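Just so you know, these numbers come straight off a predicted model, no measurement behind them.
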Amino acid sequence: MRRPPTSQRLRPLGAPSELRVETDQAGGPLRIRRPQGRAEVVAHIRESWRIDDEWWRAPISRLYYEVVLENGRSLTLFHDRIARRWFAH
């Protein structure tokens, strides 16, 4: 059986990296700061969604945001509502 070309193979996502995030009054991201970087401004939130899952094992409760940074780059963030920490995918 032939394997699909490398560009068509599924690849696992890298582990999320922790961020510091400044939020607005509603809890949405305004600025992000990576561990060894400068602050980046969130220009626009494209989409947001919430995932609550696996209550029968270890609960997961996350608020995800697809954002556009001031420099035009897109980034997917999530706020772990249980650990109260922010991460980027």
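Note: Phe78 and His89 have tilted aromatic rings, judged against thresholds of 30 and 60 degrees for the angle between ring planes. Ring planes of Trp86 and His79: tilted class, angle from 30 to 60°.
At least one side-chain heavy atom of Arg46 sits under 4.5 Å from a side-chain heavy atom of Ser74.
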Can you check side-chain contact (heavy atoms from CB on, under 4.5 Å) on Thr76 and Tyr64, steps first, answer last? CA-CA 7 Å; Thr76 301; Tyr64 280 84; 4.1 Å; yes

Which is it for Arg81 and Leu63 under the side-chain contact (heavy atoms from CB on, under 4.5 Å) test, yes or no, and what are the steps along the way? CA-CA 7 Å; Arg81 299 182 70 231; Leu63 284 169; 3.7 Å; yes

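Between Val67 and the choices Val41, Ile32, Val42, the side chain to side chain contact (heavy atoms under 4.5 Å, CB included) rule is met once, by Val42.
When every heavy atom of Asp80 is checked against every heavy atom of Arg62, the shortest pair comes out as CA-CG, 4.4 Å. Taking every heavy atom of both residues into account, Pro16 and Phe87 meet most closely at CB-CB, 3.9 Å. Contact record, Ser61 with Arg50: OG-NH2, 3.8 Å, taken as the closest heavy-atom pair. A pairwise comparison of heavy atoms in Tyr65 and Ser48 identifies CD2-CB, 3.7 Å as the closest pair. Smallest separation of non-hydrogen atoms from Ile82 and Pro59: CD1-O, 3.1 Å.
The CG atom of Leu75 sits 7.0 Å away from atom CG of Leu19, with the distance rounded to the nearest 0.5 Å. Rounded to the nearest 0.5 angstrom, Ile60 CD1 and Ile51 CD1 are separated by 8.0 Å.
For the pair Glu40 and Arg73, the salt-bridge criterion is met [side-chain N within less than 4.0 Å of a carboxylate O]. The pair Arg33-Glu22 does not count as a salt bridge, with every side-chain nitrogen at least 4.0 angstrom from each carboxylate oxygen.
In the model, Arg34 has no side-chain atom that pairs as donor or acceptor with a side-chain atom of Ser17 under 3.5 Å.
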